[in-house]
Engineer: 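The structure follows.
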Amino acid sequence: MTADRNTPRETRAAYPRLVPLATRWGDNDVYGHVNNVVYYAFFDTAVNGILVAAGALDIARSSVIGLVVETGCRYFTPVAFPDRITAGVRVAHLGRTSVRYEIAIFRDDEPEAAAQGHFVHVTVDRETRRPVPLPERLRAVLAELAGDRGQAP
């Protein structure tokens, strides 16, 4: 996903997984809309929720963890409490030790994204913080989110 002014707004159909999320009163800033930093929390919540539910991540005990090494977001239309939102999640690239997630935030029942962004996780050993190959269970879950997008062996 290119984050320039010509980036097209995606639709829900572009994402294999849709995760309902809630805006909260405290998400709004003084300008009356969800503050930009909250979108990154939405991204983390959607992705990690999928991984935990699939048994691919145990936040407290997994021997490997994902560290964010890159993020970006493009905003199209504002979201504000009490809007209902849905996060669309897909994997754009699945490497040996890393994964690039692409996430879109959809407001209420609107078909086009209010915002869309990405982040890259590098999978590291919890103790040493050195990169390690993606565990099989995690790779399987990520492959489902990648669909037929390019993957590294």
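Scope of the values below: all heavy atoms of this structure, side chains included, with no hydrogens, waters or symmetry mates.
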Engineer: Which ILVMFWY residues can you reach from Val120 by hopping between side chains whose heavy atoms are under 4.5 Å apart?
Structural biologist: Ile65, Leu67, Val69, Val122, Val124

Engineer: Mind checking whether Leu142 and Leu51 have side chains closer than 4.5 Å, heavy atoms only?
Structural biologist: yes

Engineer: Any side-chain heavy-atom pair from Arg90 and Leu145 closer than 4.5 angstrom?
Structural biologist: no

Engineer: With a 3.5 Å distance limit and no angle check, can you tell me whether Arg139 reaches the backbone of Gly95 through a side-chain donor-acceptor pair?
Structural biologist: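 Yes, because the side chain of Arg139 sits within donor-acceptor range (under 3.5 Å) of the backbone of Gly95.
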
Engineer: Do Ser63 and Arg126 have side-chain heavy atoms sitting under 4.5 Å apart?
Structural biologist: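 The answer is no; the side chains never approach within 4.5 Å.
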
Engineer: With a 4.5 Å cut-off on side-chain heavy atoms, are Val79 and Val38 touching?
Structural biologist: no

Engineer: Could you tell me whether the side chain of Phe43 reaches within less than 4.5 Å of the side chain of Thr71, counting heavy atoms only?
Structural biologist: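 Thr71 does not reach Phe43 side chain to side chain.
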
Engineer: Is a salt bridge present between Arg17 and Glu144, judged by a nitrogen-to-oxygen distance below 4.0 Å?
Structural biologist: no

Engineer: Report the C-alpha separation of Phe119 and Ile103 in whole Å, then their side-chain angles, then the decisive distance to 0.1 Å, and conclude whether the side chain to side chain contact (heavy atoms under 4.5 Å, CB included) test is met.
Structural biologist: CA-CA 8 Å; Phe119 69 90; Ile103 306 99; 3.7 Å; yes

Engineer: If you measure from CD1 on Ile50 to CG on Leu57, what distance do you get to the nearest 0.5 Å?
Structural biologist: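 The CG atom of Leu57 is 12.0 Å from CD1 of Ile50, to the nearest 0.5 Å.
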
Engineer: With side chain to side chain donor-acceptor pair (under 3.5 Å) as the test, pick out the partner of His118 among His93, Glu70, Glu102.
Structural biologist: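 Answer after filtering His93, Glu70, Glu102: Glu70.
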
Engineer: With side chains defined as the heavy atoms from C-beta onward, is the minimum distance between Asn48 and Ile59 less than 4.5 Å?
Structural biologist: no

Engineer: Would you confirm whether Arg12, through its side chain, and Glu110, through its main-chain N or O, come within 3.5 Å as a donor-acceptor pair?
Structural biologist: yes

Engineer: Using every non-hydrogen atom in the two residues, find where Ala115 and Tyr39 come nearest and quote the distance to one decimal.
Structural biologist: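 Of all heavy-atom pairs spanning Ala115 and Tyr39, the closest is CB-CE2, 3.6 Å.
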
Engineer: Could you report the tightest heavy-atom contact between Tyr101 and His121, atom names first, then the distance?
Structural biologist: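 The pair with the smallest heavy-atom distance is CE1-ND1, 3.5 Å.
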
Engineer: Is it possible for you to say whether Val52 and Val89 belong to one hydrophobic cluster, with membership spreading through side-chain heavy-atom contacts below 4.5 Å?
Structural biologist: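 Val52 clusters together with Val89.
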
Engineer: Tell me the closest heavy-atom pair linking Asn28 and Ala80, and the distance in Å.
Structural biologist: OD1-CA, 3.6 Å

Engineer: To the nearest 0.5 angstrom, please state how far the OG1 atom of Thr86 sits from the CG atom of Leu21.
Structural biologist: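 So the OG1 of Thr86 and the CG of Leu21 are separated by 7.5 Å.
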
Engineer: How long is the span from the OG1 atom in Thr123 to the CG atom in Leu134, to the nearest 0.5 Å?
Structural biologist: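 It is 4.0 Å, given to the nearest 0.5 Å.
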
Engineer: Can you check whether Val68 reaches Tyr40 side chain to side chain, under 4.5 Å on heavy atoms?
Structural biologist: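 A side-chain contact under 4.5 Å is absent here.
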
Engineer: Does Asp125 use its side chain to pair, donor to acceptor, with the backbone of Val64 at less than 3.5 Å?
Structural biologist: no

Engineer: Quick one: do Ile105 and Tyr75 end up in the same hydrophobic cluster if we chain Ile, Leu, Val, Met, Phe, Trp and Tyr together by side-chain heavy atoms under 4.5 Å apart?
Structural biologist: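 Shared cluster, yes.
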
Engineer: Is there a donor-acceptor contact under 3.5 Å from the side chain of Thr23 to the main chain of Asp83?
Structural biologist: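 Here the side-chain-to-backbone pair exists.
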
Engineer: Which pair of non-hydrogen atoms, one from Gly55 and one from Arg137, has the smallest distance, and what is that distance?
Structural biologist: O-CG, 3.8 Å

Engineer: So which heavy atom on Ala22 is nearest to which on Ile85, and how close?
Structural biologist: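 Smallest heavy-atom distance, with atoms named: N-CG1, 4.4 Å.
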
Engineer: Evaluate whether atom CZ of Arg24 has more than 12 neighbouring non-hydrogen atoms of other residues, nucleotides or ligands under 6.0 angstrom away.
Structural biologist: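 Not more than 12 within 6.0 Å, no.
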
Engineer: Okay, side chain of Arg74, backbone of Pro8: is any donor-acceptor separation there less than 3.5 Å?
Structural biologist: no

Engineer: How far apart are the closest heavy atoms of Leu138 and Ala56, and which atoms are they?
Structural biologist: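 Here Leu138 and Ala56 meet closest at CA-CB, 3.8 Å.
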
Engineer: How long is the straight-line distance from CG of Leu18 back to CZ of Phe106, given to the nearest 0.5 Å?
Structural biologist: 7.0 Å

Engineer: Is a side-chain donor or acceptor of Gln116 paired with a backbone partner of Glu10 at a separation under 3.5 angstrom?
Structural biologist: yes

